[in-house]
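The structure appears right after this line, and notes come after that.
Atoms within each ligand, like the ligands themselves, are counted from 1 in listed order. Below, each value reflects all heavy atoms present in this structure, side chains not excepted, and no hydrogens, waters or symmetry copies.
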Amino acid sequence: MNHFISVNDVLDLKAFVKEALLYKKTPFADKYLGKNRTIGLLFFNASLRTRLSTQRAAQNLGVEVIVMNVGQDGWQLEFQDGAVMNGDKAEHIKEAAAVVGQYCDIVGVRSFPGLTDRDADYSEIVMNQFLKHTGRPIISLESATRHPLQSLTDLITIEELRKVERPKVVLTWAPHVKALPQCVPNSFAEWMNAANVDFVIANPEGYDLAPEFVGNAKVTHNQADAFAGADFIYAKNWSSYEQYGKILNQDPSWMVTMKKMELTNNARFMHCLPVRRNVVVEDAVLDSEHSAVIQQAGNRVWAAQVVIKHLLIKLAREESPFLF
Ligand code: AN0
Ligand code: CP
């Protein structure tokens with residue numbers, strides 16, 4: 001593995017999930033692997049889980065961690081090549097990324113989409129500029145279109161909790177007060193399409209995800225149909241892809257309720273968090289046995305740990321090719 005940006009960076013998904021679950025049993029099995037290594041975690045946006053779980057994962061591997069809220073504390077960055085920098089941007093990504101690469105062996109970046117210009121967001125300019133100019137393995141901590149550490153976590157959690165060989169997994173849109181990125185559902189769809197699950201996406205009209213992420217998933221605009229017989233309900237709000245970044249409706253009838261959970265095969269409820277109670281999902285579900293959200297968030301550590309492990313192995317291989 002050279003970077004961790006999408007599901008395509010993982011060679012053997014099944015083995016990867018297995019390794020992550022092994023770390024859950026023996027967190028310190030590779031505590032010397034990261035000796036004398038430093039990971040830099042750069043945040044252009046807020047975070048609780050991604051920041052703490054990635055930090056914890058690095059510590060378990062003996063890696064030093066530097067965290068910076070670059071969006072708040074750093075110079076304003078220019079990402080366009082050839083820009084005449086006579087505005088408010090003080091530093092170009094060419095220097096900024098290369099400089100971070102001088103201090104860190106691995107670099108994680110979180111940068112949300114702007115949600116105004118679809119082509120710009122879907123071209124992944126921020127992540128691509130870091131990939132191009134850092135000179136180090138890059139981990140996406142959620143980019144403009146994907147959240148792979150979350151999706152790996154979700155797959156690990158489904159693997160832990162599934163009661164049948166091929167569970168029915170439903171990704172359902174749910175209402176929200178703010179316009180949110182499509183990253184989590186895009187990525188979840190991408191990973192579910194690569195996994196051994198029966199995958200259904202339920203969303204209101206106007207909220208279909210980008211076709212390249214929907215892939216072979218079954219899409220329905222009828223939430224009740226989707227819930228019937230489901231083993232996992234994964235709720236998430238996203239803003240419209242078609243009418244890019246817009247909130248088309250806040251229909252409360254799409255909120256996940258206990259009544260709807262009764263349509264399922266005693267499904268587990270999943271959400272990436274943070275979640276707005278009684279808007280996305282009612283208290284009764286989150287506070288019931290259905291909810292897997294805390295276990296899911298806990299698994300973020302093992303997902304990050306297996307990713308960092310593979311990047312550390314890549315670095316060691318490059319430095320000592322005769323050892324391998
Ligand atoms: C973000 C999103 O929807 O992408 C981060 C989720 C992990 N959520 C919010 O901004 C509430
Ligand atoms: N799920 C997730 O990525 O949470 P944070 O935004 O708190 O990191």
Side-chain angles (χ1 to χ4, degrees), residues 4-6 20 39 41-58 65 67-72 108-116 118 121-122 124 126-127 139-158 171-191 201 203 207 209-210 213 234-241 244-248 250 254-256 269-281 286 291-305 307-308:
F4 185 71
I5 304 297
S6 82
I39 188 169
L41 305 178
L42 307 181
F43 288 88
F44 289 90
N45 307 94
S47 170
L48 185 142
R49 281 143 289 271
T50 304
R51 179 168 170 164
L52 297 183
S53 62
T54 310
Q55 191 158 352
R56 177 65 207 267
V65 186
V67 184
M68 183 170 176
N69 293 325
V70 279
Q72 244 169 270
V109 180
R110 164 166 284 201
S111 176
F112 288 174
L115 291 179
T116 50
R118 184 166 95 177
D121 287 345
Y122 276 69
E124 286 283 5
V126 173
M127 203 46 79
I139 299 178
S140 166
L141 305 174
E142 186 170 346
S143 70
T145 66
R146 289 179 172 89
H147 194 357
L149 281 174
Q150 181 65 52
S151 312
L152 171 57
T153 302
D154 301 336
L155 188 55
I156 292 167
T157 310
I158 288 169
L171 167 64
T172 180
W173 183 92
H176 202 280
V177 292
K178 280 176 67 185
L180 296 185
Q182 291 117 32
C183 314
V184 171
N186 279 349
S187 220
F188 186 71
E190 185 172 66
W191 286 68
I201 306 175
N203 57 257
Y207 279 99
L209 294 168
F213 287 105
Y234 193 105
K236 181 74 183 84
N237 170 267
W238 60 89
S239 59
S240 176
Y241 173 76
Y244 192 65
K246 296 271 182 314
I247 297 179
L248 307 180
Q250 292 175 321
W254 276 79
M255 178 170 75
V256 178
F269 175 83
M270 297 176 70
H271 190 283
C272 63
L273 305 183
V275 68
R276 289 191 182 233
R277 283 175 170 255
N278 305 310
V279 176
V280 170
V281 52
L286 275 178
S291 178
V293 299
I294 304 301
Q295 181 174 341
Q296 186 184 353
N299 284 339
R300 290 292 305 267
V301 175
W302 321 118
Q305 194 165 335
V307 167
I308 297 170

**Message:** For the 3.5 Å polar cut-off, considering only N or O atoms, please tell me whether Q150 and ligand 2 meet it.
**Reply:** yes
Going by heavy-atom distance to [atom], choose the closest among [options].
atom	options	result
atom 8 (O) of ligand 2	V184, T50, N45	T50
atom 2 (C) of ligand 1	P185, S47, P181	P181
atom 5 (P) of ligand 2	L141, L48, T54	L48
atom 3 (O) of ligand 2	H271, H147, R49, Q296	H147

**Prompt:** Which one holds for L273 and ligand 1: side chain close, backbone close, both close, or neither close, with close meaning a heavy atom under 4.0 Å?
**Reply:**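 Backbone only.
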**Prompt:** Between E142 and ligand 1, which part of the residue brings a heavy atom under 4.0 Å of the ligand: side chain, backbone, both or neither?
**Reply:**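 Answer for E142: side chain.
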**Item:** Residue L273 vicinity, atoms of ligand 2 by number, heavy atom under 4.0 Å
**Value:**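 Near L273, the atoms of ligand 2 are 1 (N), 2 (C), 4 (O).
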**Request:** If you have a sec, work out which protein heavy atom is nearest atom 2 (C) of ligand 2 and how many Å separate them, to one decimal?
**Result:**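 Checked against all protein heavy atoms, atom 2 (C) of ligand 2 sits closest to R300 NH1, 3.3 Å.
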**Complete:** protein heavy-atom neighbour closest to atom 6 (O) of ligand 2 works out as R110 NH1, 2.8 Å
**Prompt:** How about S6 and W191: do any of their side-chain heavy atoms sit closer than 4.5 Å?
**Reply:** no
**Prompt:** Are Y234 and F188 close enough that their ring centres sit under 6.0 Å apart?
**Reply:**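 Yes, close enough.
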**Prompt:** Would you say E142 contacts ligand 2, with heavy atoms under 4.0 Å as the rule?
**Reply:** no
**Prompt:** What is the ring orientation for F269 with H271, classed by angle as parallel under 30°, tilted 30 to 60°, or perpendicular over 60°?
**Reply:**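 Because their plane-to-plane angle is under 30°, the rings of F269 and H271 count as parallel.
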